[in-house]
Amino acid sequence: MNIIPDLHYTPDEYKVASSIEGLYRSVLEQYDPRLITVYGIYPGYLSQRTKVLFVGREARGMSGGNYIEGVFNAYRNGCLNGKKQVSINRAAFHRRMLKVSYLLQNQLDAGQWIPPARTVGRTFGGPGGVSFAFMNSSHYSNESQNRQTNWVNLRASNRGTFASNFIEIVAPDLIIGMGMRNQLSQQIEMGPVIARSGMATLLSCRVGSHSCVLLDGYHYSAIKRDEDHYFAPARLY
C-alpha cells in the first residue's frame, strides 16, 4: 500500500508524512489493507497561515487507496473522476473545503469575494496556494449504496487512539469537524466553548500534548447555504 502520496513535499512536510506512514504501518497488520483508505497532509500544509485539519465521516469508492494523492489530482484538474466527471464547483463537499481554506488563509471578512473552487484548486498545494490536512473518522471506504456510515476506527498500537495519534502528528491549529463532535469527543479532550454561529460551535481542545481549536458544524455535503452555514462559522476562528 502506498501510504506516502507520490506528491512534492518539502523536507519538513515529508517528515510529517513519514510519521503518518509509521502510524499506519503500526496498525495495518490488524486489518486487510485492501479495505483501508489512507489520509494525511497535502503539499504546502506546513506553510499555511492556519494549519487546518478537516475531519469527515467516510470515503466512497476508495478502498485500499491513498485519498490524499487521488483528491490532490482532482483538485488540480478541477473535477472528480468517477462514473461521471463532476466539476469541483458542483461537488459541495470539496468546494466548501477549498473555499473555507481560502477564506481562512486570506483572513477574509464577510462580503469579501472568494474565488470559485476550481480556481482555488489550480494552485492547491503549490506556491501561494491553499492546503490542508484531511482524515475521515472511518478508515473503511463505503462501497455500497447504503448511506449509513460504516464506522471503522483503527486501533492504535500504543497510547491513545489512532485518530488522536494522527492529530498529534499533523498538529493542526484548527480542526474542522462535520457534525463530528460526538465522534471526536472520543479522540480528543474538549475544552470550553469560545463562540457559536447557528449550529456551529468553536471550542478549545487538547490532543495529547497538542492544543488547538475545534470548529464543528454541518457536514460539508449537507444541503445548506455556503455563506450562512460554512463561511460565517469559519470566520469565528
Would you indicate whether the side-chain heavy atoms of [Y] and [X] approach each other to under 4.5 Å?
X	Y	answer
V207	L214	no
H8	P43	no
L215	I175	no

- prompt: At what distance, to the nearest 0.5 angstrom, does NE2 of H210 lie from CG of D173?
  reply: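 Nearest 0.5 Å value for the NE2-CG distance: 6.5 Å.
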
Spatial distance of atom CZ (R49) from atom CG (N106) [nearest 0.5 Å]: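 One finds 7.0 Å between CZ of R49 and CG of N106.
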
- prompt: Taking atom CZ of R25 as the centre, does the number of heavy atoms from other residues, nucleotides or ligands within less than 6.0 Å exceed 12?
  reply: yes

- prompt: Just wondering, more than 12 heavy atoms not from Y237 lying within 6.0 Å of its OH?
  reply: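 More than 12 heavy atoms, drawn from other residues, nucleotides or ligands, come within 6.0 Å of this atom.
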
For the residue pair [Y] / [X], report whether a side-chain donor-acceptor contact shorter than 3.5 Å exists.
X	Y	value
S131	Q48	no
Q105	T50	no
R57	S137	no

Aromatic ring pairing F166/Y24, orientation class (parallel under 30°, perpendicular over 60°, tilted between):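 Rings of F166 and Y24: perpendicular, over 60°.
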
message: Can you tell me how the ring of F124 sits relative to the ring of Y42, calling it parallel under 30°, perpendicular over 60° and tilted otherwise?
response: perpendicular

query: R96 side chain to L98 main-chain N or O, any donor-acceptor pair under 3.5 Å?
result: no

- prompt: Any ion pair linking E227 and R235 (charged N to carboxylate O, less than 4.0 Å)?
  reply: yes

